[in-house]
Amino acid sequence: LVTRFGYKPVLMPGMACIAVGLLLLSVAGQHTNFFEVLVPGLVLLGYGAGTSFMPLLGIAMSEVPHEDAGLSSGIANVSMQMSAAVGLAILGTVAANRTNALTSIGHSHVSALAAGYHLAFVIGGTSAEMCLKTVKLGSAGCLDTLPTQGTGSGQAFRDVELVAKL
């Protein structure tokens, strides 16, 4: 998709799907219907992640010389994995603290747990929405000018695509 449409047209809907998926999961409660709320939220998260990660990797590697492609790909992937792990740890801590606080003042464990997850999903969805707005407002067309085909810069990204197809 990136080679056909460019980075921004693929990245923006993916980030929007992540934000909507997280916010949809934030309305889940004790008696939420699995197929009406949770499945669409999880599908949106999966679609958003799938369509966002490749453009982000492409942006990170678009100006890397061919001989540094392996190093750059490793650094970009480690950065994405570490940021995801740290983000998950932070949101998990927020959810656990909210759950413990509500349980300590007399809420049932199930309702407190739902409220903790609700808060974590709202924070995650809001963060994804802020990232989407940052890319939308801050890019000022620079994502549209990154190479996705041709020779020279961007060759490392195409090499990674070839390896991924194997």
Side-chain angles (χ1 to χ4, degrees), residues 1-28 34-95 117-166:
L1 291 174
V2 170
T3 55
R4 175 173 262 184
F5 300 110
Y7 294 108
K8 195 172 181 179
V10 177
L11 179 62
M12 299 296 283
M15 292 179 68
C17 285
I18 290 173
V20 171
L22 286 170
L23 293 175
L24 189 58
L25 289 175
S26 74
V27 301
F34 179 75
F35 292 104
E36 290 178 6
V37 177
L38 297 179
V39 169
L42 294 172
V43 167
L44 285 170
L45 274 174
Y47 176 79
T51 57
S52 296
F53 293 161
M54 194 60 182
L56 290 173
L57 182 60
I59 291 167
M61 296 186 60
S62 64
E63 298 295 324
V64 175
H66 179 71
E67 58 273 1
D68 294 332
L71 177 64
S72 175
S73 174
I75 290 172
N77 281 304
V78 166
S79 298
M80 287 193 297
Q81 294 296 320
M82 289 298 296
S83 62
V86 169
L88 182 61
I90 290 170
L91 292 176
T93 301
V94 166
Y117 282 124
H118 170 77
L119 179 61
F121 285 135
V122 167
I123 292 171
T126 304
S127 298
E129 184 179 344
M130 289 173 22
C131 290
L132 177 66
K133 288 181 180 179
T134 301
V135 169
K136 189 174 186 179
L137 297 174
S139 65
C142 68
L143 293 180
D144 301 326
T145 61
L146 290 173
T148 56
Q149 290 184 331
T151 58
S153 60
Q155 181 63 41
F157 175 61
R158 287 182 299 287
D159 291 345
V160 169
E161 281 184 324
L162 290 175
V163 171
K165 289 179 183 178
L166 297 176

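Each residue takes its place number in the sequence, starting with 1.
- Residue Met61 holds its CE atom at 9.5 Å from CG of Asp68, rounded to the nearest 0.5 Å.
- Of the inter-residue distances, the one linking Leu23 atom CG with His118 atom NE2 reads 9.5 Å to the nearest 0.5 angstrom.
- Note: Ser127 OG to Ile18 CD1 = 11.5 Å, rounded to the nearest 0.5 Å.
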| said: If you apply the rule side-chain contact (heavy atoms from CB on, under 4.5 Å), what do you find for Leu25 with Leu38, and how did you get there? | reply: CA-CA 6 Å; Leu25 289 175; Leu38 297 179; 3.7 Å; yes
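- Scanning for side chain to side chain contact (heavy atoms under 4.5 Å, CB included) contacts around Leu88 gives an empty result, with sequence neighbours left out.
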| request: Any chance you could lay out the side-chain contact (heavy atoms from CB on, under 4.5 Å) test for Ile123 and Leu22, step after step, and finish with the verdict? | output: CA-CA 9 Å; Ile123 292 171; Leu22 286 170; over 6 Å; no
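- With Thr93 contributing its side chain and Ala89 its backbone, the two residues share a donor-acceptor pair below 3.5 Å.
- Distance CG/Leu91 to CZ/Phe121: 9.0 Å, rounded to 0.5 Å.
- Screening Leu132, Thr51, Leu44 against Cys17 for a side chain to side chain contact (heavy atoms under 4.5 Å, CB included) leaves a single residue, Leu44.
- Shown here for Met15 and Ala128, the closest heavy-atom pair between the two residues is CE-O, 4.3 Å.
- Note that CD of Glu129 is 10.5 Å distant from SG of Cys131, once rounded to the nearest 0.5 Å.
- Taking every heavy atom of both residues into account, Gly14 and Ser52 meet most closely at C-OG, 3.2 Å.
- Between Val122 and Ser26, the shortest heavy-atom distance links the atoms CG2-CB, 3.6 Å.
- Scanning both residues, Val37 and Leu24, for their nearest heavy atoms gives CG1-O, 3.5 Å.
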| task | May I have the step-by-step check of side-chain contact (heavy atoms from CB on, under 4.5 Å) for Val39 and Phe34, ending in yes or no? | result | CA-CA 6 Å; Val39 169; Phe34 179 75; 3.3 Å; yes
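- Between Leu57 and Met80, the closest heavy-atom pair is CB-CE, 4.4 Å.
- Crowding of Glu67 atom CD: a count of heavy atoms from other residues, nucleotides or ligands under 6.0 Å exceeding 12.
- Within 6.0 Å of OH in Tyr117 there are 12 or fewer heavy atoms belonging to other residues, nucleotides or ligands.
- Between the side chain of Ser73 and the backbone N or O of Ala69, no donor-acceptor pair lies under 3.5 Å.
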